[in-house]
Asks: 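Sharing a structure with you now.
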Amino acid sequence: MSHQIIKDLHNRYTAKKYDTSKRISSADLDVIKEAIRLSASSINSQPWKFVLVESDEAKQRLHDTFSNKHQFNQLHAKEASHTLLLAYDPKFTKEKFVKRVDVEVSSGHLPAQLRESFMGAYAFAEMNTDENGYNGSWTKAQVYLALGNIMHTLARLNIASTPMEGVDPELIGEKFSEELDGHICEVALAMGYPVEEEDWNFGKPKARLPVEDIIATV
């Protein structure tokens, strides 16, 4: 297939070795940040927090979070141009949802007279909230919608990425407690440019099941 989107997705792969001398430009970072902001979520809940690790100090903090486990991902902390921490709110309350609804109105997306009726959409969150107020399984799912959107954006920008569930949520929570503000990070995304000759995963053909095995058209 010759479509540019398909070409970009064929070129996208999980980078294993980043070039420390190459940085993502400010212009591309602006695009990435806006793509993050525009990510979809159920009932437009946006129950997330994103931390963009850019400075040497923050990279060292991230590097230190791999001291107990997942050391195979530790090199990305300092070698990648940037790493994005994607975190979910474990207790997304109706009071927090109000802020999102108010933006619905102020943006012109939702007529003001429908504000109170739209508040009823919070029922989707309530259905996934336990007696302790925890709805992290639901909010974490929203984070993965954003992750897919960001990875696609990076592919279009020809920027390599490495999605990492191999992170330590507890240590990330400690080292980035101020930035995360109670949110939980269980997945991160390294971003940058590969050292092609040292990256064993670079340039390999895609290994995916055929369309007919995974998509049923009815």
Side-chain angles (χ1 to χ4, degrees), residues 14-15 24 29-101 103 122 124-126 128-130 132-154 159 161-192:
T14 298
I24 299 172
L29 282 173
D30 287 342
V31 173
I32 293 165
K33 290 175 184 178
E34 184 65 1
I36 293 170
R37 191 181 76 88
L38 292 173
S39 295
S41 58
S42 177
I43 64 170
N44 199 22
S45 54
Q46 306 167 72
W48 46 43
K49 179 80 72 171
F50 302 93
V51 179
L52 188 62
V53 177
E54 178 178 60
S55 68
D56 288 342
E57 181 275 330
K59 287 183 177 183
Q60 182 63 55
R61 270 195 281 159
L62 181 58
H63 182 273
D64 292 344
T65 68
F66 291 96
S67 60
N68 294 332
K69 54 186 177 182
H70 306 307
Q71 283 84 8
F72 53 86
N73 279 327
Q74 189 171 38
L75 72 166
H76 301 319
K78 289 187 176 180
E79 292 183 355
S81 172
H82 294 71
T83 297
L84 185 68
L85 307 182
L86 300 93
Y88 62 90
D89 187 341
K91 293 187 175 182
F92 183 71
T93 64
K94 194 169 188 176
E95 289 70 29
K96 293 172 182 176
F97 184 53
V98 167
K99 182 177 182 179
R100 280 69 172 169
V101 176
V103 173
Y122 185 74
F124 283 93
E126 289 178 324
N128 292 281
T129 304
D130 68 17
N132 298 312
Y134 177 82
N135 46 29
S137 296
W138 180 75
T139 57
K140 182 180 177 181
Q142 312 314 312
V143 165
Y144 280 84
L145 294 178
L147 176 61
N149 183 42
I150 299 159
M151 290 174 65
H152 188 185
T153 300
L154 294 172
I159 296 172
S161 63
T162 308
M164 301 180 291
E165 280 194 324
V167 295
D168 188 329
E170 184 175 347
L171 282 183
I172 288 178
E174 290 178 13
K175 299 291 185 181
F176 293 89
S177 59
E178 183 177 348
E179 294 88 351
L180 289 173
D181 189 27
H183 292 67
I184 298 173
C185 174
E186 295 183 356
V187 62
L189 184 67
M191 306 180 293

Asks: Would you please test Asn73 and Gln71 for side-chain hydrogen bond (donor to acceptor under 3.5 Å, both in side chains) and show each step?
Replies: CA-CA 5 Å; Asn73 279 327; Gln71 283 84 8; over 6 Å; no

Asks: Is the shortest side-chain heavy-atom distance between Leu86 and Tyr144 below 4.5 Å?
Replies: no

Asks: Looking only at heavy atoms, what is the nearest atom pair of Ala188 and Thr83, with distance?
Replies: CB-CG2, 4.1 Å

Asks: Would you say that Arg61 contacts Asp64 through its side chain, given a criterion of any heavy-atom pair below 4.5 Å between the two side chains?
Replies: no

Asks: Are any of the side-chain heavy atoms of Gln46 and Phe97 separated by less than 4.5 Å?
Replies: no

Asks: Which pair of heavy atoms, one from Ala87 and one from Val143, lies closest together, and at what distance?
Replies: O-CG2, 3.6 Å

Asks: With heavy-atom distances below 4.5 Å as the criterion, would you say the side chains of Leu52 and Leu29 are in contact?
Replies: yes

Asks: If the test is side-chain contact (heavy atoms from CB on, under 4.5 Å), which one of Lys33, Met191, Glu54 qualifies with Leu84?
Replies: Met191

Asks: If you compare all heavy atoms of Gly182 against all heavy atoms of Pro90, which two are closest, and at what distance to 0.1 Å?
Replies: O-CD, 3.4 Å

Asks: Any Lys/Arg nitrogen of Lys175 or Glu170 sitting under 4.0 Å from an Asp/Glu carboxylate oxygen of the other?
Replies: no

Asks: Any side-chain to backbone donor/acceptor pair from His183 onto Leu180? Under 3.5 Å, distance only.
Replies: yes

Asks: Can you tell me how far CD1 of Ile172 sits from OG of Ser177, rounded to the nearest 0.5 angstrom?
Replies: 12.5 Å

Asks: Quick one: are Val167 and Leu62 in side-chain contact, heavy atoms under 4.5 Å?
Replies: no

Asks: Quick one: closest heavy-atom pair of Ala80 and Lys59, and the distance?
Replies: O-NZ, 2.9 Å

Asks: Can you pull out every ring pair (Phe, Tyr, Trp, His ring centres under 6.0 Å) where at least one residue sits in residues 29-59? Sequence neighbours excluded, please.
Replies: Trp48-Phe50

Asks: Which residues pass the ring-ring contact (aromatic ring centres under 6.0 Å, His included) test with Phe124, sequence neighbours left out?
Replies: none

Asks: Given side chains that start at C-beta, do those of Gln142 and Tyr88 come closer than 4.5 Å, heavy atoms only?
Replies: no

Asks: Got a sec, which residues hit ring-ring contact (aromatic ring centres under 6.0 Å, His included) with Trp138, two or more places apart in sequence or on another chain?
Replies: none

Asks: For Tyr134, does its backbone N or O pair with a side-chain atom of Asn132 as donor and acceptor, under 3.5 Å?
Replies: no

Asks: Going by the rule ring-ring contact (aromatic ring centres under 6.0 Å, His included), which residues pair with His76 if we only count those two or more places apart in sequence or in a different chain?
Replies: Tyr18

Asks: Any side-chain heavy-atom pair from Gln74 and His63 closer than 4.5 angstrom?
Replies: yes

Asks: Tell me, please, which residues at least two apart from Glu126 pass side-chain contact (heavy atoms from CB on, under 4.5 Å).
Replies: Tyr122, Ala123

Asks: How many angstroms lie between atom OG1 of Thr139 and atom NZ of Lys96, to the nearest 0.5 angstrom?
Replies: 9.0 Å

Asks: With rounding to the nearest 0.5 Å, note down the distance linking CD1 in Ile32 to NE2 in His82.
Replies: 8.0 Å

Asks: Would you say Gln60 and Asp56 are linked by a side-chain donor-acceptor pair, where the criterion is simply a distance under 3.5 Å?
Replies: no

Asks: Enter the distance from Ile36:CD1 to Ile150:CD1 here, rounded to the nearest 0.5 Å.
Replies: 4.5 Å

Asks: Asn68: which residues meet the side-chain contact (heavy atoms from CB on, under 4.5 Å) condition with it, sequence neighbours left out?
Replies: Asp168, Leu171

Asks: Going from CG on Asn128 to CZ on Phe92, what distance comes out if it is rounded to the nearest 0.5 angstrom?
Replies: 12.0 Å

Asks: Any chance you could measure Thr93, atom OG1, to Asn135, atom CG, to the nearest 0.5 Å?
Replies: 8.5 Å

Asks: For the side chain of Arg100 and the backbone of Ser45, is there at least one donor-acceptor N/O pair under 3.5 Å apart?
Replies: yes

Asks: Heavy-atom distance under 4.5 Å between the side chains of Met164 and Val187, does that happen here?
Replies: no

Asks: Do the side chain of Asn44 and the main chain of Val101 share a donor and acceptor less than 3.5 angstrom apart?
Replies: no

Asks: Is it true that atom CD of Glu57 has more than 12 heavy atoms of other residues, nucleotides or ligands lying nearer than 6.0 Å?
Replies: yes

Asks: Closest heavy-atom contact between Leu189 and Ser161?
Replies: CD1-CB, 3.8 Å

Asks: What's the shortest heavy-atom distance between Met151 and Pro163, and which atoms?
Replies: CE-CG, 3.8 Å

Asks: Using a strict threshold of under 4.0 Å (side-chain N to carboxylate O), is an ion pair present between Asp89 and Lys49?
Replies: no

